[in-house]
Amino acid sequence: MKTLRNYFYSASYQLLTILLPIITVPIISRALGSTGVGVYAYTNSIVQEFTLVGTLGVSNYAVRQIAYVRDDKDLLSNTFSNIFFLQCLFSMLSFLVYIVVIIFSDRMYSMVFAIQTLFIISAGIDVSWLFVGLEDFKKTVLRNALVKVLGLGLVVIFVRTKYDLLLYATILSLAQFIGQLTMFSYLHTYVSFQKPSLKQLKIILVPIILMFVPQVANQIYTVVNKTILGIFKDKNQVGYFDMTDKISRIALQILIAIAAVMYPKIANLFAQKKHDLIEKYLNLSVQIIHLLGLPMMFGVIAVSKWFVPWFLGESFLPAIPVLQIMSVLIWIVPFGTVLENQYLLPTKHVKLVTIAVVSGALVSLVLNVILIPLFAASGAALTSIIAEGVYLIISLLFVKRDLPVRSMFKFLPLYLFNCLIMFFCVELVGTTLGEASPLTTLIQGIVGITVYGVLTFSDVKWIRPYIKIGLLKIGKRGKLW
């Protein structure tokens with residue numbers, strides 16, 4: 001039940017962090033225009049690169065180590081203090097380098113860059129990994145959710161014209177900063193700050209750097225594409241790509257929540273050498289990715305022609321094919337994330353993850369330089385799909401060394417068949433109604449969910465026991481958690 005509660009909190013928060021920006025998208029796309037959106041996306045992509053370098057991508061390592069020692073409070077405090085010290089130290093160094101970059105950057109964007117220094121500071125004081133490692137998702141979710149909702153309200157009220165770009169950047173960066181500060185009020189319950197040990201710092205620095213390499217590589221094909229797009233093409237193209245990226249990640253982040261919840265649990269099971277349970281949970285998570293990710297992918301492709309015009313505005317019509325391409329990420333990314341966070345990292349296969357991610361990053365870097373000048377935002381989208389696909393295939397080959405992966409694809413033909421039927425039904429609804437409006441999208445969504453749900457329940461047998469158990473628990477307790 002704890003895992004179910006944690007999944008609910010994690011899924012809700014992942015959904016919130018994506019939904020809130022998406023709720024503001026119609027406002028921002030019309031107020032700032034594709035150019036304003038592109039300028040923010042371009043500058044923020046550079047800020048994220050400095051943020052990653054500043055934190056050394058410590059989160060995954062920290063979650064794993066906290067999960068290992070969470071039953072020993074003194075060891076937990078020691079582990080937390082050493083990791084947090086390193087995070088603050090490298091964030092400070094990154095911050096100083098970033099200030100130098102701002103000084104010598106294009107004066108047109110210098111103020112936007114300056115405002116976003118708060119993102120680097122926020123990352124430096126982030127302690128959410130402690131609560132994730134302890135499997136205490138409730139505090140992180142509820143506290144940060146309140147701050148993010150406040151940020152949404154400020155954007156809706158104050159961002160009105162293309163001249164509000166600086167205000168928009170200020171609201172987002174300040175909300176992130178306040179969200180991180182609020183988590184410090186809970187620290188005393190779990191840990192006490194201890195003096196960092198130079199010996200321990202040297203010991204943990206090596207694995208942190210090893211886990212940092214794949215995250216740098218991952219940044220290349222999740223953020224650097226916006227930077228390269230902004231260099232080779234105008235900021236309108238960055239705006240098209242950024243908006244479609246946000247939309248596709250609504251569904252994607254819901255599925256990634258599975259990996260986020262299961263990561264500390266798998267790490268704990270690995271420490272207890274319960275390999276049979278690890279295989280069971282991994283297979284179940286992959287089936288959920290197929291079950292939900294594929295219909296979401298096909299659904300976004302089907303509704304995009306009628307969705308983009310009313311949601312983003314007429315100026316974003318060139319983003320329709322970009323969104324259709326990016327929707328493939330809804331299935332590919334969570335699949336790869338589950339393999340990484342639910343098996344390869346918790347079982348200490350860091351080097352294998354590094355090989356997979358670096359391979360995808362190299363493919364991304366090369367293809368971005370080739371395809372973006374030719375196809376602009378669509379080229380960046382194609383590159384993202386190919387790079388993530390390379391990463392997924394290599395990860396599967398590594399997992400296959402220890403576990404049977406054929407069972408992961410047992411029901412895939414059924415899912416695809418159901419998705420194709422759903423796709424044609426949703427397309428038919430859009431063609432019949434014709435008008436690009438919220439009502440059309442709503443009807444398409446209802447038809448798609450109904451068709452896929454009925455087909456799946458009738459021919460995918462493994463899900464029936466879980467549905468029955470859930471209904472029984474609802475009947476007995478009135479709730480699942």
Tell me, with the steps shown, if Val101 and Phe50 meet side chain to side chain contact (heavy atoms under 4.5 Å, CB included).
-> CA-CA 10 Å; Val101 170; Phe50 276 91; 3.6 Å; yes

Would you check if [X] and [Y] make a side-chain contact, meaning some heavy-atom pair closer than 4.5 Å?
| X | Y | answer |
| --- | --- | --- |
| Gln87 | Trp129 | yes |
| Val399 | Leu282 | yes |
| Leu86 | Ile204 | yes |
| Phe85 | Ser197 | no |
| Ser395 | Leu344 | yes |
| Tyr190 | Lys73 | no |
| Phe119 | Gln116 | yes |
| Leu323 | Phe316 | no |

Just by distance, do the side chain of [X] and the backbone of [Y] share a donor-acceptor pair under 3.5 Å?
| X | Y | answer |
| --- | --- | --- |
| Thr55 | Val58 | no |
| Ser81 | Phe193 | no |
| Ser384 | Ala380 | yes |
| Asp72 | Leu75 | yes |
| Ser94 | Phe90 | no |
| Tyr168 | Leu32 | no |
| Gln176 | Leu172 | no |

Do Ile102 and Thr117 pass the side chain to side chain contact (heavy atoms under 4.5 Å, CB included) test, and can you show the C-alpha distance, the side-chain angles, and the key distance before you say yes or no?
-> CA-CA 10 Å; Ile102 291 177; Thr117 54; 3.9 Å; yes

Give me the ring orientation class for Phe84 and Phe184: parallel if the planes are under 30° apart, tilted from 30 to 60°, perpendicular past 60°.
-> perpendicular

Aromatic rings His290 and Trp331: how do their planes relate, parallel, tilted or perpendicular, breaks at 30° and 60°?
-> tilted

I need the [X] [atom1] to [Y] [atom2] distance, nearest 0.5 Å.
| X | Y | atom1 | atom2 | value |
| --- | --- | --- | --- | --- |
| Ile370 | Leu365 | CD1 | CG | 10.0 Å |
| Asn225 | Asn368 | CG | CG | 5.5 Å |
| Leu294 | Ile289 | CG | CD1 | 10.0 Å |
| Leu367 | Thr383 | CG | OG1 | 5.0 Å |
| Cys88 | Ile121 | SG | CD1 | 11.5 Å |
| Ile372 | Phe241 | CD1 | CZ | 7.5 Å |

Are side-chain N/O atoms of [X] and [Y] paired as donor and acceptor at under 3.5 Å?
| X | Y | value |
| --- | --- | --- |
| Asn82 | Gln194 | no |
| Tyr343 | Asp402 | yes |
| Gln200 | Asn78 | no |
| Glu49 | Thr227 | yes |
| Asn44 | Gln48 | yes |

Is the Phe409 to Phe335 ring centre distance short of 6.0 Å?
-> yes

Which atom names give the shortest non-hydrogen contact between [X] and [Y], and what distance separates them?
| X | Y | result |
| --- | --- | --- |
| Tyr109 | Thr43 | CB-CG2, 4.1 Å |
| Phe177 | Ser122 | CA-OG, 3.0 Å |
| Val338 | Ser285 | CG1-CB, 3.9 Å |
| Leu382 | Ile325 | N-CG2, 3.8 Å |
| Val127 | Gln180 | N-OE1, 4.5 Å |
| Val223 | Ser45 | CG1-O, 3.1 Å |

Validate the cation-pi geometry between Lys235 and Tyr42: distance from NZ or CZ to the six-membered ring centre under 6.0 Å, angle to the ring axis within 45°.
-> yes

I would like to know whether Lys233 and Val238 meet side chain to side chain contact (heavy atoms under 4.5 Å, CB included); could you show each step before the answer?
-> CA-CA 8 Å; Lys233 296 293 180 178; Val238 183; over 6 Å; no

Start with the C-alpha distance between Ile83 and Tyr61, add both sets of side-chain angles, then the distance that settles side chain to side chain contact (heavy atoms under 4.5 Å, CB included), and finish with yes or no.
-> CA-CA 9 Å; Ile83 294 174; Tyr61 172 81; 3.9 Å; yes

Report the residue from Thr337, Leu397, Val333, Ile332 that forms a side-chain contact (heavy atoms from CB on, under 4.5 Å) with Leu392.
-> Ile332

Sole residue of Val132, Leu76, Val191 in side-chain contact (heavy atoms from CB on, under 4.5 Å) with Ile66 = Leu76

